[in-house]
Structure formats: C-alpha cells, structure tokens
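Quantities reported herein were computed from a predicted structural model and do not represent experimental measurements.
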Amino acid sequence: MAVITGGASGIGLAAARALGDCGAALELIDMNEDALADAAELMSSHNITVHTTVLDVTDPQAVTDAAQASKERFGPANILVNSAGIAMLHSVLDISPQDWNRVIDVDLNGTFWPSREFGRHMVEAGRGSIVNMGSMSGTIINRPQFASSYMAAKGAVHQLTRALAVEWANTGVRINALAPGYIATEMTLGMRSQPELFNEWLNMTPMGRCGTPEEVASAIVFLASDASSYMTGSIVPIDGGYTCF
Ligand code: NAD
C-alpha cells in the first residue's frame, strides 16, 4: 500500500497513478477536498484501489490518526510519498511571520509528521520506502525570483531525509528524496505565465524545458521499489541539468 500526501495534484497525483498502475493500493492525503475526490474518481476509473483522507499535514494529531486508520484499513504502509508542499515568492524584508511559518510548517514539518507516523508502522513491520519531495531549491538559490522560505524549507527536507535514513538504516526502512527542477504543475503555473521569469528559467535549464509530473513520478516509482534497494539518504536531482551549471 502506498500513501501519498499532496496526492490530489501535480507530482503527487502523477505518483498516485504510476504507483497504482504498478499494483499498489493507495491512501491519498490532501487538504483540497474537491481535488482529492476528483483524484479518487480518476484512480477508480483505472481500477486502482484508493482511499482518501482530507487533512492538513501540519497537524500532527490528524496525521497520527490517519496513519492508525490507514494501518487498520490496509496494513502498514509499504511506501510513503511526501508530496504536499507550498511555495511563496517574497523578499526577506517583506514576508510576514505567518507566511514564513506556514511555508516552513507545510514543507518541513508536513514532511516530518507523516514520515514519523507512517514510518513508525514501517519500522515495526521491518520494511518500507519513503520518498520525500526536496527540490533543487534545497541545493541552489533560484533566480530571478526570491523565495528564501522555500529554499530554507527544502534544504531542511534534504537534511531530514539524511537524518531519518541513518537513524532507520538498520530497520529495513529506506528514505530518499528527489530534488526536482522546474516542473509543470499548479505550483509553477503563475510563474510560468510571466515571460520574463519563464524565459530565464528555460535559459538556466540545459534541456530548455520544464519537466512533467509524470517524469518525476517515474523516479518516485524507482525510489519506492526494490530496484533502489541499496539507496538510502540519497538526494536525487531531476532537473533537466539545471544544477550542472
Ligand atoms: P501542486 O500544488 O500541484 O501540489 C501540491 C499538493 O499539496 C496540492 O494538492 C495541495 O492541496 C497539497 N497541499 C498543500 N499544502 C497542504 C497541506 N498543508 N496539507 C495537505 N495537503 C497540502 O504542487 P507540485 O508541483 O505537485 O508539488 C509537489 C511537491 O514537489 C511539493 O513539495 C513541491 O515543493 C515539490 N517540488 C515542486 C517543483 C515544481 O517545479 N513544481 C519543483 C521542486 C519540488
């Protein structure tokens, strides 16, 4: 069984489809109730077993309850994909305390709580694979836009991935992260529609295009499966060559 946070949209939705097509039953988690219902309908139409839970990944008690309910429904998770995330553009001097805290809370803490609570059942079962959505923004500083909260949060997701990987290395549970470049999803839609910004992104990307959610989902399937059985604590770039420069 595969649990996917942020499973209603973008990379999480593509991962759901890819893992479902590989035979996994799905527990999709998202705070967008309508989009989650649409995602479930799509999975069912492809004969994929799916259950949905509406929650905010920043709420530790809600995540704990969801992990317990999911275990009773499907057994301990085999796979967890942490794809829930948000980004905000802002300058350092202007961001409000609420906005700063929200980005850190969703992107960092919202990765930690599901990792711990679904991971707890994986550790008990002696097997499992967690795939986090880091970002090239956890490694480099994007330009020309400013988004220090996102870069700080994604850098922390990379370190959290390594820390969990080492702590659980002898339990049978592996934890890796992908570090995507610019991917064509809702998250980047507003920025992709600004030519001066978008052209700069394309100039900075050797392959000269955005990635698709499906291209990221393929790497998620690899990291989730035994095909990557000797990988843990890896931060894997998937960015059209952006971080080669
Ligand atoms: P997206 O906006 O299409 O999907 C994100 C999903 O997360 C949405 O369905 C949203 O409702 C859900 N979500 C947001 N906050 C939540 C919360 N508090 N609780 C539960 N659900 C919540 O974005 P995406 O591009 O698919 O992003 C997925 C992940 O990949 C994010 O972590 C993002 O930071 C990361 N990422 C994206 C890109 C990119 O270019 N799109 C690049 C690098 C990393």
Side-chain angles (χ1 to χ4, degrees), residues 1-59 62-63 66-67 69-70 73-74 77-88 103 106-107 110-111 113-115 118 129-137 150 153-154 157 176-193 209-225 236 238-240:
M1 187 269 290
V3 180
I4 303 168
T5 75
S9 172
I11 294 168
L13 180 61
R17 180 69 203 280
L19 290 166
D21 282 346
C22 291
L26 304 177
E27 179 78 60
L28 298 187
I29 291 174
D30 207 287
M31 63 185 296
N32 184 334
E33 190 168 359
D34 291 343
L36 199 53
D38 290 345
E41 203 175 304
L42 179 68
M43 299 305 140
S44 298
S45 74
H46 290 277
N47 296 318
I48 297 168
T49 302
V50 60
H51 183 271
T52 60
T53 302
V54 179
L55 61 74
D56 185 332
V57 290
T58 66
D59 180 343
V63 172
S70 171
R73 196 175 300 118
F74 289 121
N78 304 90
I79 295 163
L80 168 66
V81 180
N82 282 306
S83 194
I86 57 170
M88 290 184 196
V103 174
V106 176
D107 292 354
T111 298
W113 303 123
S115 297
F118 287 95
S129 178
I130 299 176
V131 185
N132 291 333
M133 281 309 113
S135 172
M136 69 175 180
S137 310
Y150 187 73
K154 291 298 179 178
V157 167
N176 295 286
L178 288 172
Y182 293 117
I183 310 300
T185 66
E186 277 296 311
M187 181 174 277
T188 54
L189 189 60
M191 293 175 274
R192 282 185 286 122
S193 59
R209 66 173 178 85
C210 286
T212 67
E214 290 73 22
E215 288 174 312
V216 181
S218 298
I220 291 172
V221 170
F222 168 67
L223 289 177
S225 78
V236 182
I238 177 162
D239 60 10

Item to check | Evaluation steps, side chain to side chain contact (heavy atoms under 4.5 Å, CB included), between T49 and F74 | outcome: CA-CA 10 Å; T49 302; F74 289 121; 4.0 Å; yes
Next on the checklist: I'd like to know whether L42 forms a side chain to side chain contact (heavy atoms under 4.5 Å, CB included) with S45, so could you lay out the CA-CA distance, the side-chain angles of the two residues, the decisive distance to 0.1 Å, and finally the verdict.
Outcome noted: CA-CA 5 Å; L42 179 68; S45 74; 4.3 Å; yes
So how far is it from [X] [atom1] to [Y] [atom2], rounded to the nearest 0.5 Å?
| X | Y | atom1 | atom2 | answer |
| --- | --- | --- | --- | --- |
| R17 | I48 | CZ | CD1 | 5.5 Å |
| M1 | L80 | CE | CG | 9.5 Å |
| D21 | M43 | CG | CE | 8.5 Å |
| D38 | D30 | CG | CG | 11.0 Å |
| N176 | L223 | CG | CG | 5.0 Å |
| L28 | T53 | CG | OG1 | 9.0 Å |

Using every non-hydrogen atom in the two residues, find where [X] and [Y] come nearest and quote the distance to one decimal.
| X | Y | value |
| --- | --- | --- |
| V81 | I79 | CG2-CG2, 4.0 Å |
| G85 | V106 | CA-CG1, 3.9 Å |
| M136 | G181 | SD-CA, 3.5 Å |
| L13 | A39 | CD1-CB, 3.6 Å |
| R192 | I183 | NE-O, 4.4 Å |
| A18 | A217 | CB-CB, 4.1 Å |

Checklist entry - Is there a donor-acceptor contact under 3.5 Å from the side chain of N78 to the main chain of A2? => result no
Next on the checklist: One pair to check against side chain to side chain contact (heavy atoms under 4.5 Å, CB included): F118 and T5. What are the steps and the verdict?
Outcome noted: CA-CA 11 Å; F118 287 95; T5 75; 5.8 Å; no
Hey, does [Y] have a side-chain heavy atom less than 4.5 Å from the side chain of [X]?
| X | Y | value |
| --- | --- | --- |
| P114 | I29 | no |
| M133 | I220 | yes |
| V221 | C22 | yes |

Checklist entry - Would you say E214 has more than 12 foreign heavy atoms packed within less than 6.0 Å of its CD? => result yes
Next on the checklist: Side chains of S115 and N82 only: does a donor on one sit below 3.5 Å from an acceptor on the other?
Outcome noted: yes
